[in-house]
Every structure is written in C-alpha cells, then in structure tokens.
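Notes for the one structure printed next.
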Amino acid sequence: MLITVLKSKEDIECVAKGKTICVTCEGCKEVHFPEVEAIELVKELNPTGNVITEYVCNPDNLKVQLAKHMDKLNAADTVLVFSCGVGVQTVSDNFRDKKVYAACDTYPLPGGQGVTPLEFDCEQCGECYLNGTGGICPITACSKSLVNGQCGGCKDGKCEVDKEMDCGWERIYKRLEKLGLLDEMRYPAKLRNFNLMYEESK
C-alpha cells in the first residue's frame with residue numbers, strides 16, 4: 001500500500017514546459033491518489049495531451065495502453081507522470097529519449113504495492129528524486145542509496161557491491177547526457193528528509 005501526494009504546483013509547472021503530455025495512473029484503487037486535484041491541475045497546465053490509464057507500473061500493460069496514443073507521445077518533449085515512483089520509472093524506461101518527470105511524491109503504507117512485477121522499485125521516501133536524475137531513482141538504483149553522485153567504486157559500469165548490477169549513477173549520467181540535461185547535476189544534492197517516510201503515513 002502507498003499514498004501518492006501531488007508535488008507543489010510550482011514544482012510541477014517548473015518541469016511541465018514545452019510540448020508536455022500527461023500520463024495519469026488510475027490502477028490501484030486501494031491506494032490514496034489525489035484524483036480530483038490531479039484532474040484540475042492537468043486542466044490548468046493545458047498539456048498537448050492527457051493519457052489516463054491503468055497500472056502504469058506494469059511494463060507490458062503500459063505498452064498496450066499507450067499504443068493508441070503514440071502519435072501524441074512521440075510529438076511531446078516532456079512526459080509528466082501522475083503515479084507512484086514505480087510508474088514514473090516504468091514510463092521513463094519506455095521513453096528514453098524524452099524528459100520524464102514525476103508529478104507526485106510517494107509515501108508508504110503497510111501492505112502490497114499494485115501489480116508491478118517490480119522491475120523497478122520505489123523506496124516511498126516522500127520526496128521523489130526522479131525529476132533531477134532522468135527518471136532513474138538514485139535511492140533504489142544505487143546499492144548505497146547515494147543521492148549526491150557516484151561513489152567511485154564502479155568498474156566497467158558495474159556496482160562494486162553487486163557485480164551483476166549496473167551502476168545507478170552511471171545510468172543517470174548517461175540518461176542526462178542523452179537528454180542534454182547534464183547541467184542538472186551541477187546543483188547540490190537535496191538532503192533527504194527521512195521523517196517524510198513516516199509523517200504522512202501516520
């Protein structure tokens with residue numbers, strides 16, 4: 001179980017620039033999702049399109065659901081995703097040549113999480129980092145959950161903790177380089193507020 005909460009309007013407007021299409025997940029009915037607020041915000045943003053679908057977190061289902069919207073998606077510069085962190089990472093993996101941003105933060109609740117096969121993971125930390133890392137979560141993609149860059153132990157693109165695992169920060173660097181967004185790595189890392197993981201779910 002989890003709770004999704006919209007990021008501030010200012011944060012969302014900051015990334016929803018150019019030709020933006022929204023992807024809104026309505027799959028997990030047991031999950032708290034600010035559906036009414038999201039619908040109103042999408043209207044205000046006036047994107048080039050808004051795709052409302054189910055279970056964005058499931059890669060196979062996502063491809064099927066988005067197939068009929070590919071013309072709009074291919075024409076967009078930016079994809080703004082209203083879902084949990086797993087859904088954002090799934091969309092990002094499907095659109096590697098586009099800027100993919102999270103419109104929500106995710107908080108934990110006890111229980112299962114959707115129908116995702118968990119190719120991606122979400123720590124439900126309450127302050128999604130995906131908007132500054134090319135849609136790749138540094139907390140779950142890095143064995144050490146580093147939020148300020150690579151540790152220096154990577155060799156041939158592999159993590160020093162798990163030799164079978166690609167270095168999360170090398171993946172982030174390559175994604176940002178491809179998107180022309182390397183300048184986003186110049187800013188100081190946002191300090192992680194662990195209290196957020198517990199305050200919202202009380």
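All values below come from the heavy atoms of this structure, side chains included, with hydrogens, waters and symmetry mates left out.
Not counting sequence neighbours, Glu37 has no partner by the salt bridge (Lys or Arg N to Asp or Glu O under 4.0 Å) test. Residues passing the side-chain hydrogen bond (donor to acceptor under 3.5 Å, both in side chains) test with Asp105 are Lys7, sequence neighbours excluded. Remark: Thr24 pairs with Asn50 by the side-chain hydrogen bond (donor to acceptor under 3.5 Å, both in side chains) rule, at least two apart or across chains. For the side-chain hydrogen bond (donor to acceptor under 3.5 Å, both in side chains) test, no residue two or more places apart in sequence or in another chain qualifies with Lys98. Partners of Lys9 according to the side-chain hydrogen bond (donor to acceptor under 3.5 Å, both in side chains) rule, which considers only residues two or more places apart in sequence or in another chain, are Glu44.
Remark: the backbone N or O of Lys63 is not paired with any side-chain donor or acceptor of Asn94 at under 3.5 angstrom. Judged by distance alone, with hydrogens and angles left aside, the side-chain atoms of Trp169 form a donor-acceptor pair with the main-chain N or O of Leu146 at under 3.5 Å. Thr78 places no side-chain N or O within 3.5 Å of a backbone atom of Thr20 that could act as its donor or acceptor partner. Remark: the backbone N or O of Pro138 is not paired with any side-chain donor or acceptor of Thr133 at under 3.5 angstrom. Between the side chain of Asn131 and the backbone N or O of Tyr101, no donor-acceptor pair lies under 3.5 Å.
Screening residues 142-159 for side chain to side chain donor-acceptor pair (under 3.5 Å), with sequence neighbours left out, gives Lys144-Glu160, Lys158-Asp166.
Considering CZ of Phe95 and CD1 of Ile21, their distance stands at 8.0 Å, rounded to 0.5 Å. Residue Ser8 holds its OG atom at 8.5 Å from CD of Glu13, rounded to the nearest 0.5 Å. Separation of atoms CD (Gln89) and OG (Ser83) is listed at 9.5 Å; rounding is to 0.5 Å. The distance from the NZ atom of Lys19 to the OG1 atom of Thr48 is 8.0 Å, given to the nearest 0.5 Å. Between Arg175 atom CZ and Ile172 atom CD1 the span is 9.5 Å, to the nearest 0.5 Å. Here Arg171 contributes atom CZ and Cys142 contributes atom SG; the two are 11.0 Å apart, rounded to the nearest 0.5 Å.
Of all the heavy atoms in Thr4 and Cys104, the pair that sits closest is CB-CB, 4.3 Å. Shown here for Cys137 and Leu130, the closest heavy-atom pair between the two residues is N-CD2, 3.3 Å. When all heavy atoms are compared, the tightest approach of Cys57 to Val86 is CB-CG1, 3.6 Å. Between Cys22 and Pro47, the shortest heavy-atom distance links the atoms SG-CG, 3.8 Å. Pairing each heavy atom of Thr106 with each of Gly85, the nearest pair is OG1-N, 3.2 Å. The shortest non-hydrogen separation linking Asn58 to Thr90 is C-CG2, 4.3 Å.
A 4.5 Å side-chain heavy-atom check between Cys25 and Phe33 finds every atom pair outside the cut-off.
In this structure, Glu177 does not pair ionically with Lys174, as no charged nitrogen and carboxylate oxygen lie closer than 4.0 Å.
In the hydrophobic cluster analysis, where Ile, Leu, Val, Met, Phe, Trp and Tyr join through side-chain heavy atoms closer than 4.5 angstrom, Leu62 is grouped together with Val100. Hydrophobic clustering (ILVMFWY, side-chain heavy atoms < 4.5 Å, transitive): Leu182 and Leu179 are in one cluster. One hydrophobic cluster, built from ILVMFWY side chains closer than 4.5 Å, holds both Val15 and Leu41.
Taking a 6.0 Å sphere around CG of Asp71, one finds it holds 12 or fewer heavy atoms contributed by other residues, nucleotides or ligands.
When the options Val88, Val56, Ile52, Val42 are evaluated for a side chain to side chain contact (heavy atoms under 4.5 Å, CB included) with Phe82, the one that passes is Val42.
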